[in-house]
S.K.: 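Quick one: the structure is below, and I'll ask about it shortly.
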Amino acid sequence: MISADIRPDLEPYYTQELDPKNLAPLWEVLPGIAKKSPESACKSFIWHYENLRETLLKSAELITAEEAERRVLILENPGMRGRFRITTALFAGLQLIMPGEVAPAHRHTQAALRFIVEGSGAYTAVNGERTNMEEGDFVITPAWTWHDHGNESNEPMVWMDGLDIPIIETLDATFAEKYNDKYQVPSRPEGDSLARFGSGMLPVDYYEKGTVSKVFNYPYARTREALETMRKAEEWDPCHGLKLRFVNPETGNSAMPTIGTNMQLLPKGFETSSYRSSDACVFSVVEGSGKSHLGNQVYEWSKRDTFVVPSWLPVKHVANEDAVLFSFSDKPVQLMVGVWREDRGNL
Ligand code: GTQ
């Protein structure tokens, strides 16, 4: 910034001529725009599940899912409090649905993922098809699809929501509406989408390349089995262990256009090499325990914890026992725009 001490003569031009005309001098702000590397308000942080579970369950005594519409505790990045986001571009929260409750049907232009953290037997319905959800399942509700959630089991159910709310807000493309009923009456049998689109096959004469996956539940049983089978080859990536990304089977692109999701296996004792990338990343611990060095901080984690890694911060994971990590980020957007970068150290 050009200091008023150095160029006091510019001041009258700024205040008397530019400001009243809604004009501003770029040269005063350019260093903050063209930065050498990302300088984000986003901070690293971990939410230990055991510290928040009671607090989350208490919300059910205070407000019903129906009254809340979505009973979610937002995971707010400590560097961006009040801005309801976990990274600069993405929202995350923990949603609770108690036995017998319904989170009423609605749709919006923001796309959502659900990653099941605790419980089993609740469902999400997307465009008339229900899917039963189990721990570790990755479920999507694409932009502008009707969706409602219900819990017909006897236990509370908790999942992590990941949404592209800040991206859609930046684009000023937010639309939403409520369904004319509390929930959608199923119009397709359960498992229909997965059978048609998620079995390594597609319906004959179906050649669409949609922007979003028609598979809307990627069951953990399948994901876990894939990782377990792959491990026999013992080809561990130094930075990622074994890491797979969830894809839209029509294209091989990410399941949703704005949010990329992954599942990775780190075997007991594995230490990853230092890695960083330009996509800030949210991790949910599915199995096992370990710790992650995020910059110069160390976070110990175990099952059901959530942690966030800001853009371009070096990461190293250490697994104390076999560990499985789910993660999501805005990487697909960065790839589409051509700005995504990674740094694999000296590898
Ligand atoms: O389940 O539809 O965490 O609309 C935030 C907004 C979840 C949902 C959130 C939503 C939903």
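Ligands are counted one by one from 1 in listed order, and the atoms in each one are counted from 1 as well.
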S.K.: Atom CD1 in I259, atom OG in S329: separation rounded to 0.5 Å?
M.R.: 9.0 Å

S.K.: Just jot down the side chain to side chain donor-acceptor pair (under 3.5 Å) partners of T261, sequence neighbours excluded, or say none.
M.R.: none

S.K.: Is H147 touching ligand 1 with its side chain, its backbone, both, or neither, if touching means heavy atoms under 4.0 Å apart?
M.R.: side chain

S.K.: Taking non-hydrogen atoms only, is I74 closer than 4.0 angstrom to ligand 1 via side chain, backbone, both or neither?
M.R.: neither

S.K.: Under 4.0 Å from a heavy atom of V72: which atoms of ligand 1 are those, numbered in the order shown and with their elements?
M.R.: 3 (O)

S.K.: What residue and heavy atom of the protein are closest to atom 3 (O) of ligand 1, and at what distance?
M.R.: D161 OD2, 2.8 Å

S.K.: Quick one: does ligand 1 sit under 4.0 Å from the side chain of E69, the backbone, both or neither, non-hydrogen atoms only?
M.R.: neither

S.K.: Angle between ring planes, H147 versus H108, binned at 30° and 60°: parallel, tilted or perpendicular?
M.R.: perpendicular

S.K.: Are the side chains of M230 and L244 in touch, meaning some heavy atoms are under 4.5 Å apart?
M.R.: yes

S.K.: Provide the number and element of each atom of ligand 1 under 4.0 Å from a heavy atom of H106.
M.R.: 2 (O), 4 (O), 8 (C)

S.K.: Donor-acceptor check, side chain of S292 to backbone of L294, threshold 3.5 angstrom: yes or no?
M.R.: no

S.K.: Distance to 0.1 Å, residue and atom name: give those for the protein heavy atom nearest to atom 4 (O) of ligand 1.
M.R.: H108 NE2, 2.8 Å

S.K.: In terms of residue, atom name and distance, what is the protein heavy atom nearest to atom 11 (C) of ligand 1?
M.R.: R70 CG, 3.6 Å

S.K.: For the residue pair Y14 and W27, categorise the inter-ring angle as parallel (less than 30°), tilted (30 to 60°) or perpendicular (more than 60°).
M.R.: tilted

S.K.: Side chains of R304 and E135: closer than 4.5 Å at any heavy-atom pair?
M.R.: yes

S.K.: Is the positively charged end of R130 above the ring of Y123, judged by distance under 6.0 angstrom from the centroid and angle within 45° of the axis?
M.R.: yes

S.K.: Considering only non-hydrogen protein atoms, determine which one is nearest to atom 6 (C) of ligand 1 and report residue, atom name and distance to 0.1 Å.
M.R.: L163 CD2, 4.0 Å

S.K.: Determine, using heavy atoms of Q110 and all atoms of ligand 1, whether some pair is separated by less than 4.0 Å.
M.R.: no

S.K.: Quick one: which ligand 1 atoms are inside 4.0 Å of a heavy atom on Q95?
M.R.: 1 (O), 7 (C)

